[in-house]
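Here's the structure we're looking at; comments come further down.
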Amino acid sequence: MSDLGEMTKKRIRENGLPIIDEARTKAPLYVSMRELPLRFQFGTTKIQKFFDGLKEGKIYMTQCEKCTQKYFPPQADCPNCPDSSMNWVPLDGQGELLTCTMIVVKPSTFAHYDNYIIGVAQMKEGVRVLAWLRIDDPRKITPKMKVRLTTAKREPEGFITYEFVPE
Amino acid sequence: MRDVAIVGVGHSKFSNRFDVRIDELAWESAKDALKDANLSAKDLEFLIVGCTGGWSAESLPAVICSEYCGMLPKGSMRVEAACATSSAAVAVAYNFIASGYVDLMLVVGVEKMFESPNPVQIELIGRAGNYFWEFENFGLTFPGYYALHATSYMWKHGLKEEDLAEIAVKNHHYASMNPKAQFRKEITADLAMQSRYVAWPLKLFDCCPLTDGSASLILASESIAKKITDTPIWISAIGASTGTGNLSKRDMFTKLEYSGLESAVEAGQQAYKRAGIDPKNTAKHFDVASVHDCFTIAELMAYEDLGFCRRGEGVKLIREKQTYNGGLIPVNIDGGLKAKGHPIGATGCSMMYSLTKQLRQEYGKLAGKAAQATIKNGRALAHNIGGTGHYAYVTILSLEKPHT
Ligand SMILES: [Zn+2]
(Lines give C-alpha, C1' and ligand atoms only; values in the text may rest on other atoms or scores of the structure.)
Protein backbone atom coordinates (compact mmCIF):
# COMPACT_ATOMS: atom_id res chain seq x y z
CA MET A 1 0.00 0.00 0.00
CA SER A 2 1.37 3.40 -0.95
CA ASP A 3 1.73 6.25 1.48
CA LEU A 4 -1.66 7.50 2.65
CA GLY A 5 -0.32 10.77 3.93
CA GLU A 6 0.25 11.80 7.52
CA MET A 7 -3.18 13.31 8.00
CA THR A 8 -5.04 10.15 6.98
CA LYS A 9 -2.82 7.90 9.13
CA LYS A 10 -3.32 10.22 12.09
CA ARG A 11 -7.10 10.20 11.66
CA ILE A 12 -7.21 6.39 11.50
CA ARG A 13 -5.16 6.27 14.72
CA GLU A 14 -7.33 8.86 16.47
CA ASN A 15 -10.83 8.14 15.16
CA GLY A 16 -10.64 4.72 13.54
CA LEU A 17 -11.76 6.24 10.22
CA PRO A 18 -9.81 7.64 7.22
CA ILE A 19 -11.94 10.79 7.15
CA ILE A 20 -9.91 14.00 6.82
CA ASP A 21 -10.87 17.67 6.61
CA GLU A 22 -10.53 19.14 3.14
CA ALA A 23 -7.84 21.81 3.39
CA ARG A 24 -9.84 24.84 2.26
CA THR A 25 -13.51 24.10 2.90
CA LYS A 26 -13.01 21.72 5.88
CA ALA A 27 -15.60 19.39 4.30
CA PRO A 28 -15.12 15.81 5.58
CA LEU A 29 -13.51 13.56 2.94
CA TYR A 30 -13.25 9.76 3.10
CA VAL A 31 -9.82 8.78 1.71
CA SER A 32 -10.05 5.46 -0.15
CA MET A 33 -7.74 2.69 1.08
CA ARG A 34 -7.59 1.29 -2.47
CA GLU A 35 -5.03 2.96 -4.71
CA LEU A 36 -5.13 1.93 -8.36
CA PRO A 37 -1.74 1.85 -10.11
CA LEU A 38 -2.14 2.26 -13.89
CA ARG A 39 0.62 1.49 -16.37
CA PHE A 40 -0.64 0.64 -19.85
CA GLN A 41 0.97 -1.74 -22.36
CA PHE A 42 0.16 -1.55 -26.07
CA GLY A 43 1.17 -3.69 -29.04
CA THR A 44 3.77 -2.42 -31.53
CA THR A 45 3.82 -5.40 -33.92
CA LYS A 46 2.38 -3.59 -36.95
CA ILE A 47 4.67 -0.57 -36.61
CA GLN A 48 7.70 -2.24 -35.03
CA LYS A 49 9.79 -0.97 -37.96
CA PHE A 50 9.37 2.56 -36.59
CA PHE A 51 10.95 1.55 -33.28
CA ASP A 52 13.71 -0.46 -34.99
CA GLY A 53 14.39 2.68 -37.05
CA LEU A 54 14.84 4.84 -33.95
CA LYS A 55 17.69 2.53 -32.87
CA GLU A 56 19.42 3.24 -36.23
CA GLY A 57 18.84 6.99 -36.00
CA LYS A 58 15.98 6.93 -38.54
CA ILE A 59 12.44 8.33 -38.19
CA TYR A 60 10.04 6.59 -40.53
CA MET A 61 6.72 7.59 -42.02
CA THR A 62 4.59 5.19 -44.04
CA GLN A 63 3.18 5.70 -47.53
CA CYS A 64 0.34 3.73 -49.11
CA GLU A 65 1.47 1.92 -52.26
CA LYS A 66 -1.97 2.30 -53.84
CA CYS A 67 -3.06 5.88 -53.18
CA THR A 68 0.37 7.37 -52.14
CA GLN A 69 -1.16 8.86 -48.95
CA LYS A 70 1.60 9.60 -46.41
CA TYR A 71 1.20 8.87 -42.71
CA PHE A 72 2.94 10.30 -39.67
CA PRO A 73 2.56 8.93 -37.07
CA PRO A 74 3.24 5.85 -39.21
CA GLN A 75 0.39 3.39 -39.59
CA ALA A 76 0.18 -0.04 -41.19
CA ASP A 77 -3.28 0.26 -42.75
CA CYS A 78 -4.67 2.77 -45.25
CA PRO A 79 -8.41 3.36 -44.66
CA ASN A 80 -8.75 5.19 -48.01
CA CYS A 81 -8.11 2.17 -50.21
CA PRO A 82 -8.49 0.11 -47.98
CA ASP A 83 -5.16 -1.59 -48.30
CA SER A 84 -2.22 -2.51 -46.12
CA SER A 85 0.65 -2.39 -48.60
CA MET A 86 2.80 0.32 -47.07
CA ASN A 87 6.22 1.65 -47.94
CA TRP A 88 8.37 2.64 -44.97
CA VAL A 89 10.14 5.90 -45.83
CA PRO A 90 12.71 7.56 -43.54
CA LEU A 91 12.14 11.29 -43.07
CA ASP A 92 14.96 13.49 -44.28
CA GLY A 93 14.60 15.59 -41.11
CA GLN A 94 14.26 19.08 -42.60
CA GLY A 95 11.26 20.96 -41.27
CA GLU A 96 9.71 24.36 -40.69
CA LEU A 97 8.24 25.28 -37.30
CA LEU A 98 4.48 25.97 -37.50
CA THR A 99 3.69 26.49 -33.84
CA CYS A 100 4.99 25.81 -30.35
CA THR A 101 4.28 26.05 -26.63
CA MET A 102 6.32 25.80 -23.46
CA ILE A 103 4.77 23.57 -20.81
CA VAL A 104 5.21 25.12 -17.36
CA VAL A 105 2.47 23.36 -15.37
CA LYS A 106 3.33 19.72 -16.06
CA PRO A 107 1.50 16.44 -15.67
CA SER A 108 2.64 14.62 -12.52
CA THR A 109 4.52 12.02 -14.60
CA PHE A 110 6.54 14.81 -16.27
CA ALA A 111 7.29 16.75 -13.09
CA HIS A 112 10.95 15.62 -13.06
CA TYR A 113 11.76 17.40 -16.36
CA ASP A 114 12.61 21.09 -16.75
CA ASN A 115 10.00 23.21 -18.58
CA TYR A 116 9.85 21.79 -22.09
CA ILE A 117 8.97 23.24 -25.50
CA ILE A 118 6.66 21.30 -27.81
CA GLY A 119 6.61 22.20 -31.49
CA VAL A 120 4.76 21.13 -34.62
CA ALA A 121 6.75 21.29 -37.86
CA GLN A 122 5.94 20.87 -41.52
CA MET A 123 8.39 18.31 -42.89
CA LYS A 124 9.87 18.42 -46.39
CA GLU A 125 7.97 15.22 -47.28
CA GLY A 126 4.60 16.85 -46.56
CA VAL A 127 3.74 15.24 -43.23
CA ARG A 128 3.74 17.19 -39.97
CA VAL A 129 5.43 16.04 -36.77
CA LEU A 130 4.89 17.00 -33.12
CA ALA A 131 7.88 16.69 -30.77
CA TRP A 132 9.96 18.55 -28.19
CA LEU A 133 12.09 21.39 -29.54
CA ARG A 134 15.54 21.39 -27.91
CA ILE A 135 16.71 25.01 -27.86
CA ASP A 136 18.96 26.78 -25.35
CA ASP A 137 16.97 30.04 -25.35
CA PRO A 138 13.22 30.07 -26.18
CA ARG A 139 13.52 33.74 -27.20
CA LYS A 140 15.40 32.56 -30.30
CA ILE A 141 12.22 30.88 -31.61
CA THR A 142 10.78 32.60 -34.67
CA PRO A 143 7.76 31.76 -36.86
CA LYS A 144 8.60 29.27 -39.61
CA MET A 145 12.17 28.82 -38.32
CA LYS A 146 14.09 25.90 -39.83
CA VAL A 147 14.32 22.88 -37.57
CA ARG A 148 15.81 19.41 -37.89
CA LEU A 149 14.11 16.25 -36.64
CA THR A 150 16.53 13.83 -35.03
CA THR A 151 16.53 10.81 -32.74
CA ALA A 152 17.55 11.54 -29.18
CA LYS A 153 18.04 9.81 -25.89
CA ARG A 154 15.63 10.99 -23.18
CA GLU A 155 17.30 11.30 -19.80
CA PRO A 156 17.11 10.36 -16.99
CA GLU A 157 15.21 7.28 -18.27
CA GLY A 158 17.62 6.67 -21.16
CA PHE A 159 15.08 5.56 -23.80
CA ILE A 160 15.27 6.62 -27.44
CA THR A 161 12.76 9.09 -28.85
CA TYR A 162 12.88 11.94 -31.36
CA GLU A 163 13.04 15.73 -31.07
CA PHE A 164 13.57 18.92 -33.04
CA VAL A 165 16.74 21.00 -32.88
CA PRO A 166 17.32 24.38 -34.56
CA GLU A 167 18.86 23.92 -38.03
CA MET B 1 -39.13 12.68 -37.33
CA ARG B 2 -40.93 14.47 -34.51
CA ASP B 3 -39.86 17.80 -33.07
CA VAL B 4 -38.20 17.79 -29.64
CA ALA B 5 -38.26 20.51 -26.98
CA ILE B 6 -36.55 21.33 -23.70
CA VAL B 7 -39.36 21.58 -21.12
CA GLY B 8 -37.38 21.69 -17.89
CA VAL B 9 -33.90 22.82 -16.85
CA GLY B 10 -31.84 22.53 -13.67
CA HIS B 11 -28.35 23.52 -12.54
CA SER B 12 -26.23 22.84 -9.47
CA LYS B 13 -23.79 25.29 -7.97
CA PHE B 14 -20.49 24.93 -9.86
CA SER B 15 -17.45 24.82 -7.57
CA ASN B 16 -15.08 22.42 -5.83
CA ARG B 17 -17.94 20.40 -4.42
CA PHE B 18 -16.24 18.47 -1.64
CA ASP B 19 -19.59 18.38 0.14
CA VAL B 20 -21.35 15.92 -2.22
CA ARG B 21 -20.92 12.57 -3.95
CA ILE B 22 -21.60 12.25 -7.68
CA ASP B 23 -25.17 10.95 -7.27
CA GLU B 24 -26.03 13.69 -4.78
CA LEU B 25 -24.61 16.26 -7.18
CA ALA B 26 -26.64 14.84 -10.13
CA TRP B 27 -29.81 15.03 -8.05
CA GLU B 28 -29.28 18.74 -7.30
CA SER B 29 -29.83 19.66 -10.94
CA ALA B 30 -32.28 16.84 -11.75
CA LYS B 31 -34.52 17.93 -8.87
CA ASP B 32 -34.29 21.52 -10.08
CA ALA B 33 -35.32 20.45 -13.62
CA LEU B 34 -38.24 18.34 -12.39
CA LYS B 35 -39.49 21.29 -10.35
CA ASP B 36 -39.09 23.60 -13.35
CA ALA B 37 -41.22 21.24 -15.49
CA ASN B 38 -43.62 20.41 -12.63
CA LEU B 39 -42.99 16.68 -13.16
CA SER B 40 -41.89 13.73 -11.04
CA ALA B 41 -39.13 11.26 -11.88
CA LYS B 42 -41.84 8.62 -12.38
CA ASP B 43 -43.12 10.54 -15.43
CA LEU B 44 -39.79 10.13 -17.23
CA GLU B 45 -39.08 7.18 -19.53
CA PHE B 46 -35.28 7.16 -19.91
CA LEU B 47 -32.15 8.73 -18.41
CA ILE B 48 -28.95 9.55 -20.21
CA VAL B 49 -26.05 10.56 -18.02
CA GLY B 50 -23.27 12.59 -19.60
CA CYS B 51 -20.15 11.92 -17.55
CA THR B 52 -16.54 11.70 -18.70
CA GLY B 53 -15.18 10.13 -15.53
CA GLY B 54 -11.78 8.64 -14.83
CA TRP B 55 -11.11 10.94 -11.87
CA SER B 56 -14.10 9.82 -9.80
CA ALA B 57 -14.77 6.63 -7.88
CA GLU B 58 -18.02 5.40 -9.43
CA SER B 59 -17.40 3.43 -12.64
CA LEU B 60 -21.12 3.22 -13.52
CA PRO B 61 -22.35 6.77 -12.92
CA ALA B 62 -25.52 6.29 -14.99
CA VAL B 63 -26.69 3.50 -12.69
CA ILE B 64 -25.75 5.25 -9.45
CA CYS B 65 -27.40 8.49 -10.59
CA SER B 66 -30.53 6.72 -11.97
CA GLU B 67 -31.16 5.13 -8.63
CA TYR B 68 -30.53 8.32 -6.64
CA CYS B 69 -32.80 10.32 -8.97
CA GLY B 70 -35.66 7.83 -8.51
CA MET B 71 -35.53 6.64 -12.14
CA LEU B 72 -35.36 2.86 -11.59
CA PRO B 73 -36.24 0.62 -13.42
CA LYS B 74 -36.23 2.88 -16.51
CA GLY B 75 -33.49 2.42 -19.09
CA SER B 76 -30.26 4.38 -18.80
CA MET B 77 -26.84 4.79 -20.35
CA ARG B 78 -23.75 6.92 -20.02
CA VAL B 79 -22.56 8.97 -23.00
CA GLU B 80 -19.01 10.28 -23.37
CA ALA B 81 -17.55 12.86 -25.79
CA ALA B 82 -14.88 14.46 -23.58
CA CYS B 83 -15.81 18.10 -22.82
CA ALA B 84 -18.73 17.84 -25.29
CA THR B 85 -20.16 14.92 -23.35
CA SER B 86 -23.54 16.31 -22.43
CA SER B 87 -24.15 17.89 -25.85
CA ALA B 88 -23.59 14.39 -27.22
CA ALA B 89 -26.01 13.08 -24.58
CA VAL B 90 -28.59 15.63 -25.78
CA ALA B 91 -28.00 14.49 -29.39
CA VAL B 92 -28.76 10.89 -28.41
CA ALA B 93 -31.82 11.93 -26.37
CA TYR B 94 -33.06 14.10 -29.25
CA ASN B 95 -32.99 11.08 -31.55
CA PHE B 96 -34.63 8.81 -28.95
CA ILE B 97 -37.59 11.21 -28.91
CA ALA B 98 -37.63 12.27 -32.56
CA SER B 99 -37.76 8.62 -33.62
CA GLY B 100 -40.76 7.91 -31.38
CA TYR B 101 -38.92 5.58 -29.00
CA VAL B 102 -39.88 7.68 -25.95
CA ASP B 103 -41.84 10.91 -25.32
CA LEU B 104 -40.24 12.30 -22.19
CA MET B 105 -36.75 11.83 -20.79
CA LEU B 106 -34.01 13.28 -18.63
CA VAL B 107 -30.44 14.18 -19.57
CA VAL B 108 -28.07 14.78 -16.66
CA GLY B 109 -24.57 16.09 -17.25
CA VAL B 110 -22.43 15.56 -14.17
CA GLU B 111 -18.76 15.57 -13.27
CA LYS B 112 -17.00 15.08 -9.95
CA MET B 113 -13.41 15.99 -10.80
CA PHE B 114 -12.20 16.72 -7.28
CA GLU B 115 -12.41 13.11 -6.14
CA SER B 116 -8.82 13.02 -7.45
CA PRO B 117 -6.06 15.49 -6.61
CA ASN B 118 -5.28 18.33 -9.00
CA PRO B 119 -2.14 16.76 -10.61
CA VAL B 120 -4.08 13.58 -11.44
CA GLN B 121 -6.78 15.63 -13.19
CA ILE B 122 -4.11 17.50 -15.20
CA GLU B 123 -2.48 14.19 -16.14
CA LEU B 124 -5.77 12.61 -17.26
CA ILE B 125 -6.91 15.59 -19.33
CA GLY B 126 -3.44 15.80 -20.92
CA ARG B 127 -3.92 12.26 -22.19
CA ALA B 128 -7.01 13.39 -24.14
CA GLY B 129 -5.34 13.38 -27.53
CA ASN B 130 -3.42 10.78 -29.52
CA TYR B 131 -1.89 9.10 -26.47
CA PHE B 132 1.40 7.60 -27.62
CA TRP B 133 2.37 10.31 -30.12
CA GLU B 134 1.44 13.34 -28.03
CA PHE B 135 1.48 12.40 -24.37
CA GLU B 136 3.73 9.41 -23.68
CA ASN B 137 6.96 11.10 -24.79
CA PHE B 138 6.01 14.76 -25.01
CA GLY B 139 3.74 15.37 -22.01
CA LEU B 140 1.15 17.64 -23.58
CA THR B 141 -1.37 19.19 -21.23
CA PHE B 142 -4.84 20.50 -22.01
CA PRO B 143 -3.63 24.13 -21.89
CA GLY B 144 -0.68 22.98 -24.01
CA TYR B 145 -2.90 21.78 -26.87
CA TYR B 146 -4.75 25.09 -26.98
CA ALA B 147 -1.47 26.99 -26.56
CA LEU B 148 -0.34 25.42 -29.85
CA HIS B 149 -3.44 26.96 -31.45
CA ALA B 150 -2.81 30.30 -29.72
CA THR B 151 0.78 30.51 -31.01
CA SER B 152 -0.37 29.57 -34.50
CA TYR B 153 -3.06 32.27 -34.38
CA MET B 154 -0.58 34.87 -33.07
CA TRP B 155 1.93 34.10 -35.79
CA LYS B 156 -0.75 34.39 -38.49
CA HIS B 157 -2.82 37.36 -37.31
CA GLY B 158 -0.74 39.38 -34.87
CA LEU B 159 -2.97 38.51 -31.92
CA LYS B 160 -1.62 39.81 -28.59
CA GLU B 161 -1.78 38.22 -25.16
CA GLU B 162 -3.58 41.42 -24.06
CA ASP B 163 -6.45 40.60 -26.47
CA LEU B 164 -6.92 37.20 -24.88
CA ALA B 165 -6.99 38.85 -21.44
CA GLU B 166 -10.00 40.92 -22.58
CA ILE B 167 -11.97 37.71 -23.18
CA ALA B 168 -11.20 36.60 -19.61
CA VAL B 169 -12.31 40.02 -18.32
CA LYS B 170 -15.65 39.71 -20.14
CA ASN B 171 -16.41 36.20 -18.92
CA HIS B 172 -15.46 36.94 -15.31
CA HIS B 173 -17.70 40.03 -15.53
CA TYR B 174 -20.72 37.90 -16.40
CA ALA B 175 -19.81 35.11 -13.97
CA SER B 176 -19.85 37.69 -11.20
CA MET B 177 -23.60 38.04 -11.84
CA ASN B 178 -24.31 34.30 -12.12
CA PRO B 179 -25.04 32.74 -8.70
CA LYS B 180 -24.29 29.26 -10.12
CA ALA B 181 -20.76 30.23 -11.22
CA GLN B 182 -17.49 29.10 -9.64
CA PHE B 183 -15.79 32.53 -9.85
CA ARG B 184 -17.86 35.48 -8.64
CA LYS B 185 -15.25 38.24 -8.84
CA GLU B 186 -14.60 40.69 -11.64
CA ILE B 187 -11.00 40.81 -12.87
CA THR B 188 -8.95 43.42 -14.68
CA ALA B 189 -6.84 42.89 -17.79
CA ASP B 190 -3.78 43.83 -15.69
CA LEU B 191 -4.48 41.04 -13.21
CA ALA B 192 -4.89 38.55 -16.07
CA MET B 193 -1.66 39.76 -17.69
CA GLN B 194 0.27 39.42 -14.43
CA SER B 195 -0.75 35.77 -13.91
CA ARG B 196 1.92 33.14 -14.47
CA TYR B 197 2.32 31.06 -17.61
CA VAL B 198 0.69 27.64 -17.57
CA ALA B 199 1.59 26.73 -21.15
CA TRP B 200 3.15 29.68 -22.99
CA PRO B 201 1.51 31.84 -24.38
CA LEU B 202 -1.45 30.93 -22.17
CA LYS B 203 -1.45 32.16 -18.58
CA LEU B 204 -3.49 31.10 -15.57
CA PHE B 205 -6.26 33.61 -16.37
CA ASP B 206 -6.56 32.26 -19.92
CA CYS B 207 -7.64 28.89 -18.50
CA CYS B 208 -10.97 27.62 -17.19
CA PRO B 209 -10.86 26.07 -13.72
CA LEU B 210 -11.35 22.43 -12.77
CA THR B 211 -14.90 22.12 -11.50
CA ASP B 212 -17.49 19.81 -9.95
CA GLY B 213 -21.06 20.32 -11.06
CA SER B 214 -24.19 19.08 -12.74
CA ALA B 215 -26.84 20.41 -15.12
CA SER B 216 -30.05 18.69 -16.24
CA LEU B 217 -32.50 19.01 -19.11
CA ILE B 218 -35.91 17.40 -19.54
CA LEU B 219 -36.72 16.76 -23.20
CA ALA B 220 -40.20 16.11 -24.55
CA SER B 221 -41.79 15.19 -27.87
CA GLU B 222 -44.00 17.65 -29.75
CA SER B 223 -47.03 15.61 -28.73
CA ILE B 224 -46.66 16.53 -25.03
CA ALA B 225 -44.29 19.52 -24.83
CA LYS B 226 -47.08 22.13 -24.92
CA LYS B 227 -48.94 20.31 -22.13
CA ILE B 228 -45.92 20.66 -19.85
CA THR B 229 -44.95 24.27 -20.56
CA ASP B 230 -46.21 27.36 -22.37
CA THR B 231 -42.71 28.09 -23.64
CA PRO B 232 -41.07 24.90 -24.90
CA ILE B 233 -37.56 25.61 -26.19
CA TRP B 234 -37.27 23.64 -29.41
CA ILE B 235 -34.13 21.91 -30.58
CA SER B 236 -33.98 23.38 -34.04
CA ALA B 237 -30.84 21.55 -35.25
CA ILE B 238 -27.79 19.62 -34.08
CA GLY B 239 -24.50 19.41 -35.98
CA ALA B 240 -21.72 17.02 -34.95
CA SER B 241 -18.22 16.36 -36.21
CA THR B 242 -15.00 14.58 -35.22
CA GLY B 243 -11.45 15.89 -35.68
CA THR B 244 -8.13 14.03 -35.94
CA GLY B 245 -6.78 12.58 -32.71
CA ASN B 246 -3.33 13.99 -33.40
CA LEU B 247 -3.17 17.79 -33.62
CA SER B 248 -0.30 17.73 -36.10
CA LYS B 249 -2.70 16.24 -38.67
CA ARG B 250 -5.02 19.27 -38.66
CA ASP B 251 -4.78 21.12 -41.97
CA MET B 252 -6.45 24.22 -40.64
CA PHE B 253 -4.18 24.22 -37.64
CA THR B 254 -1.05 24.41 -39.74
CA LYS B 255 -1.19 24.49 -43.52
CA LEU B 256 -3.92 27.02 -44.17
CA GLU B 257 -3.62 30.74 -43.69
CA TYR B 258 -5.92 30.78 -40.66
CA SER B 259 -6.33 29.03 -37.33
CA GLY B 260 -9.39 27.29 -35.99
CA LEU B 261 -11.01 23.92 -35.37
CA GLU B 262 -12.10 22.09 -38.53
CA SER B 263 -14.59 19.97 -36.60
CA ALA B 264 -16.27 23.08 -35.19
CA VAL B 265 -16.65 24.55 -38.68
CA GLU B 266 -18.16 21.29 -39.93
CA ALA B 267 -20.56 20.95 -36.97
CA GLY B 268 -21.65 24.57 -37.39
CA GLN B 269 -22.27 24.17 -41.13
CA GLN B 270 -24.36 21.04 -40.52
CA ALA B 271 -26.44 22.80 -37.88
CA TYR B 272 -26.99 25.93 -40.03
CA LYS B 273 -28.06 23.79 -42.98
CA ARG B 274 -30.52 21.77 -40.90
CA ALA B 275 -31.93 24.94 -39.33
CA GLY B 276 -32.16 26.71 -42.71
CA ILE B 277 -29.78 29.51 -41.69
CA ASP B 278 -27.48 31.23 -44.18
CA PRO B 279 -24.03 29.96 -43.13
CA LYS B 280 -22.40 33.34 -43.85
CA ASN B 281 -22.82 36.29 -41.52
CA THR B 282 -24.50 34.11 -38.91
CA ALA B 283 -24.37 36.42 -35.87
CA LYS B 284 -27.51 38.32 -36.88
CA HIS B 285 -29.64 35.16 -36.58
CA PHE B 286 -28.96 34.62 -32.87
CA ASP B 287 -29.90 36.59 -29.76
CA VAL B 288 -27.23 34.94 -27.61
CA ALA B 289 -24.60 32.19 -27.86
CA SER B 290 -22.62 29.94 -25.55
CA VAL B 291 -19.28 28.93 -27.04
CA HIS B 292 -16.66 26.55 -25.70
CA ASP B 293 -14.19 28.86 -23.94
CA CYS B 294 -12.13 26.32 -22.00
CA PHE B 295 -9.32 28.76 -22.89
CA THR B 296 -9.59 32.36 -24.05
CA ILE B 297 -8.12 31.44 -27.46
CA ALA B 298 -10.90 28.85 -27.87
CA GLU B 299 -13.59 31.54 -27.63
CA LEU B 300 -11.76 33.66 -30.19
CA MET B 301 -11.51 30.76 -32.65
CA ALA B 302 -15.19 29.93 -32.08
CA TYR B 303 -16.26 33.42 -33.28
CA GLU B 304 -14.60 32.68 -36.62
CA ASP B 305 -15.37 28.96 -36.87
CA LEU B 306 -19.08 29.73 -36.38
CA GLY B 307 -19.06 32.58 -38.89
CA PHE B 308 -19.87 35.37 -36.40
CA CYS B 309 -17.11 37.30 -38.21
CA ARG B 310 -14.60 36.77 -40.99
CA ARG B 311 -11.30 34.92 -40.51
CA GLY B 312 -8.79 36.96 -38.55
CA GLU B 313 -11.45 39.43 -37.36
CA GLY B 314 -12.33 37.72 -34.08
CA VAL B 315 -9.92 40.05 -32.29
CA LYS B 316 -11.92 43.02 -33.57
CA LEU B 317 -15.12 41.62 -32.01
CA ILE B 318 -13.49 41.45 -28.61
CA ARG B 319 -11.66 44.79 -28.92
CA GLU B 320 -14.97 46.49 -29.84
CA LYS B 321 -16.89 44.64 -27.08
CA GLN B 322 -19.26 43.22 -29.70
CA THR B 323 -19.72 39.99 -27.72
CA TYR B 324 -20.91 41.77 -24.57
CA ASN B 325 -24.66 41.89 -23.93
CA GLY B 326 -26.08 44.51 -26.31
CA GLY B 327 -23.32 43.97 -28.88
CA LEU B 328 -23.45 42.25 -32.27
CA ILE B 329 -23.87 38.87 -30.56
CA PRO B 330 -23.68 38.34 -26.79
CA VAL B 331 -21.35 35.39 -26.11
CA ASN B 332 -20.94 33.52 -22.82
CA ILE B 333 -22.88 36.05 -20.82
CA ASP B 334 -23.34 33.40 -18.13
CA GLY B 335 -19.57 33.48 -17.49
CA GLY B 336 -18.69 30.68 -19.90
CA LEU B 337 -16.47 27.74 -19.01
CA LYS B 338 -13.76 30.27 -18.26
CA ALA B 339 -15.39 31.68 -15.14
CA LYS B 340 -18.66 29.78 -14.55
CA GLY B 341 -16.51 26.62 -14.41
CA HIS B 342 -16.08 23.52 -16.56
CA PRO B 343 -17.27 20.28 -14.98
CA ILE B 344 -16.40 18.34 -18.17
CA GLY B 345 -19.53 16.18 -18.54
CA ALA B 346 -21.95 18.88 -17.36
CA THR B 347 -20.86 21.73 -19.61
CA GLY B 348 -23.12 21.09 -22.63
CA CYS B 349 -26.23 20.85 -20.47
CA SER B 350 -25.08 23.93 -18.55
CA MET B 351 -24.85 25.92 -21.81
CA MET B 352 -28.38 24.85 -22.76
CA TYR B 353 -29.65 25.65 -19.27
CA SER B 354 -28.46 29.25 -19.65
CA LEU B 355 -29.74 29.56 -23.24
CA THR B 356 -33.16 28.12 -22.33
CA LYS B 357 -33.47 30.66 -19.51
CA GLN B 358 -32.36 33.41 -21.93
CA LEU B 359 -34.95 32.49 -24.58
CA ARG B 360 -37.69 32.27 -21.92
CA GLN B 361 -36.50 35.70 -20.72
CA GLU B 362 -36.00 34.25 -17.24
CA TYR B 363 -32.23 34.62 -17.10
CA GLY B 364 -32.50 38.12 -15.67
CA LYS B 365 -34.34 36.73 -12.63
CA LEU B 366 -31.35 34.49 -11.96
CA ALA B 367 -28.46 36.83 -12.73
CA GLY B 368 -29.87 40.33 -12.99
CA LYS B 369 -31.27 42.34 -15.90
CA ALA B 370 -27.84 43.31 -17.22
CA ALA B 371 -27.25 39.66 -18.13
CA GLN B 372 -30.59 39.07 -19.92
CA ALA B 373 -30.16 39.26 -23.69
CA THR B 374 -32.78 41.01 -25.80
CA ILE B 375 -34.81 38.29 -27.50
CA LYS B 376 -35.68 39.32 -31.08
CA ASN B 377 -34.90 36.31 -33.28
CA GLY B 378 -35.92 33.76 -30.65
CA ARG B 379 -32.83 31.73 -31.47
CA ALA B 380 -29.69 30.75 -29.50
CA LEU B 381 -26.61 28.67 -30.24
CA ALA B 382 -24.52 26.27 -28.12
CA HIS B 383 -21.03 25.37 -29.39
CA ASN B 384 -19.52 22.58 -27.28
CA ILE B 385 -16.09 21.16 -28.11
CA GLY B 386 -14.64 17.91 -26.74
CA GLY B 387 -10.88 17.66 -26.34
CA THR B 388 -9.12 20.12 -28.66
CA GLY B 389 -11.61 19.93 -31.53
CA HIS B 390 -11.72 16.17 -31.26
CA TYR B 391 -15.49 16.26 -30.85
CA ALA B 392 -17.65 19.19 -31.91
CA TYR B 393 -21.37 19.67 -31.27
CA VAL B 394 -23.37 22.72 -32.32
CA THR B 395 -26.95 22.86 -31.04
CA ILE B 396 -29.43 25.51 -32.16
CA LEU B 397 -32.34 26.28 -29.83
CA SER B 398 -35.46 28.15 -30.90
CA LEU B 399 -38.73 29.56 -29.58
CA GLU B 400 -40.30 28.57 -32.87
CA LYS B 401 -41.31 24.96 -33.54
CA PRO B 402 -39.04 23.69 -36.34
CA HIS B 403 -41.80 21.96 -38.32
CA THR B 404 -45.40 23.13 -38.52
ZN1 LIG C 1 -4.24 4.13 -49.68
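Just so we're on the same page: letters track the sequence lines, and every chain starts at 1.
Residue contact with chain B, scored on non-hydrogen atoms closer than 4.5 Å, involves the side chain of A:I141 exclusively. Contacts of A:T142 with chain B are made by backbone atoms alone, with heavy-atom separations under 4.5 Å and no side-chain atom involved. Interface residue B:N130: only side-chain heavy atoms are found under 4.5 Å from chain A. Heavy-atom distances place the side chain of B:F132, and not its backbone, under 4.5 Å from chain A.
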request  = Check step by step if side-chain contact (heavy atoms from CB on, under 4.5 Å) holds for B:R196 and A:V105.
outcome  = CA-CA 10 Å; B:R196 68 192 169 103; A:V105 177; 3.7 Å; yes
query = Checking side-chain contact (heavy atoms from CB on, under 4.5 Å) for the pair B:D19/A:T25: CA distance, chi angles, key distance, verdict?
reply = CA-CA 9 Å; B:D19 56 322; A:T25 62; over 6 Å; no
inquiry  = Walk me through whether B:Y131 and A:F42 qualify under side-chain contact (heavy atoms from CB on, under 4.5 Å).
reply    = CA-CA 11 Å; B:Y131 177 79; A:F42 24 82; 3.8 Å; yes
key: Worked verdict on A:L130 versus B:L140 for side-chain contact (heavy atoms from CB on, under 4.5 Å)   = CA-CA 10 Å; A:L130 178 146; B:L140 260 164; 3.8 Å; yes
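With ring centers used as reference points, B:F138 lies under 6.0 Å from A:Y162. Aromatic ring centres of B:F135 and A:F40 lie farther apart than the 6.0 Å criterion allows.
Among the candidates A:Y116, A:Y113, A:F110, A:F72, the residue making the largest number of heavy-atom pairs closer than 4.5 Å to chain B is A:F110. If you tally non-hydrogen atom pairs under 4.5 Å between each of A:T109, A:T101, A:I118 and chain B, the highest count goes to A:T101.
Between B:E115 and A:L29 there is no side-chain heavy-atom pair separated by less than 4.5 Å.
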